[in-house]
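Below is one structure, written out as structure tokens; the observations come after it.
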Amino acid sequence: MNENYAVPAVALVVVATVFVGAFGLRISRTTSDFYVASRTVGPRLNAAAISGEYLSAASFLGIAGLVLVQGPDMLWYPVGYTAGYLVLLIFVAAPLRRSGAYTLPDFAEARLASQGMRRLAGAFVVGVGWLYLLPQLQGAGLTLNVLTGASKSLGGVIVAVVVVATVAAGGMRSITFVQAFQYWLKLTALLVPALFLVLAWQDDGAPRDAFDEPARFREHRVVRVDAGLDLKLDGPLTVTADGTVDGVRYEAERLRLPTGVHRIEEGTRLAFTKGDPVPVADRGGNGGMSTSLAEGREERPLYATYGLILATFLGTMGLPHVVVRFYTSPNGVAARRTTVVVLGLIGAFYLLPPVYGALGRLYAPELTLTGDADAAVLLLPDRVIGGLGGDLLGALVAGGAFAAFLSTASGLTMAVAGVLTQDVLPSRGVRHFRLGTVLAMIMPLAASMLVGGLPVADAVGLAFAVSASSFCPLLVLGIWWHRLTPPGAAAGMLVGGGSALLAVAATMAGFPGTGALHALLAWPALWSVPLGFLTMVLVSLATPRRVPAGTAAILARFHLPEELAQGQVRTEVKA
Amino acid sequence: MPHDPTDRRVVVTGPPRRTRPLNRYRPRTEIDEQTTLGHTYVRSLMRSQLRAALTVFAVLILLVGPLPLVFTVMGDSSSLEWIVLGFCIYPPLVLLARWYVRRADRNEKDFVRLVEDR
């Protein structure tokens, strides 16, 4: 990878982001502009902004890496990220806009007339937001590390500083422009190199073995293992080793490894011949973005797949940065139309990462061993095309990856900072919002430096699981069910979201569970979502006297078209 | 605001008064004043919207739910999996969304027509 082109590309994206943000700042004149862009953002601009915000590091790098390592099962991630918007559209979009609330805590307070619910929802927003910010910063660190060899935390620091500066300076209006700009940047950055890659693949005689299972080496290839790892073999394999394997030192010797797990020490070179299956690096050791939960997935593939589907389908609606966007639509009908455009935009984007994953299996299968599978998108242009063209395309991809970190991190920071400003800091107002922005970013930045090596796509999947088991029941029942009570909502969020959060924490802490227990903890959505819904319904039914007095009027406001609701407001004023 | 009294009289006592009774039934008023009947109207709108949402949700489940099972049962299905998950599943999602939005907008327009008695 030639850093002479990649570094300027990343710098250009950062500067362009700041510039577009400053352009927004100039027209962001009122407080309303600052927070919700005065609710005048049209469906197309808003849809591009929502998509730009949504397509994160996990989408840009993680999916291709996962597909490269684990095959087509991982395509459920992008499908789930897209279908989540369909579920959001049909159950939540228009009523949420009409509720007139700005954040999820606002919604909880308006619907249930309870300060306690407001604080609980705020706590979950901050938790999910931080959980989701962490992988963005780490992904940025990995990208810069792959591109330039810089320290793994530097990229995270750069993203944190740029995001805090843009968000604190310009607020929502400028963010809308920045996000819309970044959607198109990200699409271009994946689309153009993908076209060239596919052409190069055609030129190569269009080999189809990318779709074989497992992936195989297409040519003689020497792999240098940078960090010690455990190699898992499904069948015997003959390699030429130069280094230490299973504690025995070899000097360019051919050896036959039997089925099972083998320890490869740091610095070992393994030479594979054409047609060898690509072995899988075992969990632990290198902690790459795409490898960690592999074990649980192999043991319970069907359970894990359904857990993933449920978490992503239902979790999207509760992501704090997604929800805030809906308040910038002028009305409920526009909110619905916006969501359809979003579905089209992110669906179009998600056609591309699988292309990189498939070509990665073909041309860079050894990435599964080096633990840098997430770098596949960054490395492929150089690997497949090479020369000046490869360098330039690689630079374009690197710029797009940084756009991905910047945009998702901005949206999350905006949402978390909104909660911190309104519910934690002593007074509201733009100045405190700026302080909140800094606070929102400092925690995950510190965590990303301390924890290190948290797998990106998995961390994102876990954030989805927590969101699906806490906010999904709150939103769906809050919008469609008359008998929801504050105690019921609180109990449901605590039991559903809390248990998912505990399972997530146990998995991340490396809880040693194996087999069924490990799978249950690593993919909590399948049990924690029904648990959340059930608790919310049962406790609400058990406390029928606590149904808030204004429930009927509030539900009317959620569901009535604006032209009728305005009539309602007028009558209230007269009375 | 000062009004010309003659202007007002013309508006209020104009021809419509003769053709429609004074206590003409207006669902809109029921909703505005939040009577039980008004709530029934709102609930009817909610029910029709929820029905549209659940229809789409059911189609989504039928479309997506069996896929992992099919892929597992078929065993050697990885090229099918690439084609379906990598490409074929996205157009139906967008079509479902478009159908829902059209249906929901129509539900709302019908409702407005009903309560405004147009």
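Treat the numbers as computed from the prediction; the structure is a model and nothing was measured. The chains referred to below are lettered A, B, ... by the order of the sequence lines, with proteins before strands, and numbering in each begins at 1.
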To the nearest 0.5 Å, how far apart are [atom1] in [X] and [atom2] in [Y]?
X        : Y        : atom1 : atom2 : result
A:Trp523 : A:Tyr306 : CH2   : OH    : 15.0 Å
A:Leu68  : A:Tyr356 : CG    : OH    : 14.0 Å
A:Leu352 : A:Leu187 : CG    : CG    : 6.0 Å

For this session: Indicate yes or no for a side-chain donor-acceptor contact from A:Arg97 to the backbone of A:Ala335 under 3.5 Å, with no hydrogens or angles considered.
Result: no
Given heavy-atom pairs under 4.5 angstrom as the criterion, report whether the side chain, backbone, both or neither of [X] touches chain A.
X       : answer
B:Arg43 : side chain
B:Val84 : neither
B:Ala52 : neither
B:Phe57 : both

For this session: Assign the ring pair A:Phe464 / A:Tyr54 to parallel, tilted or perpendicular, where the plane angle (0 to 90°) is split at 30° and 60°.
Result: perpendicular
Between [X] and chain B, with a heavy-atom cut-off of 4.5 Å, which part of the residue counts as in contact: side chain, backbone, both or neither?
X        : result
A:Val79  : both
A:Ile309 : side chain
A:Phe313 : side chain
A:Ile346 : neither
A:Pro353 : neither
A:Val67  : side chain
A:Tyr350 : both
A:Leu351 : both

Do [X] and [Y] meet the criterion of a side-chain donor-acceptor pair at a distance under 3.5 Å?
X        : Y        : answer
A:Glu562 : A:Asn331 : no
A:Tyr81  : A:Ser59  : no
A:Asn46  : A:Ser329 : yes

Chain A interface, residue from [options] that has the most non-hydrogen pairs under 4.5 Å:
options                            : result
B:Met46, B:Arg47, B:Arg98, B:Gln49 : B:Met46
B:Leu60, B:Leu45, B:Leu50          : B:Leu50
B:Pro91, B:Ala53, B:Pro68          : B:Pro68

Exercise. Does a side-chain heavy-atom distance below 4.5 Å link B:Arg51 with B:Asn107?
Worked result: no
Problem set entry | Steps toward salt bridge (charged side-chain N to carboxylate O under 4.0 Å, His left out) verdict (B:Arg102, B:Glu108) | CA-CA 10 Å; B:Arg102 235 179 260 153; B:Glu108 277 173 7; over 6 Å; no
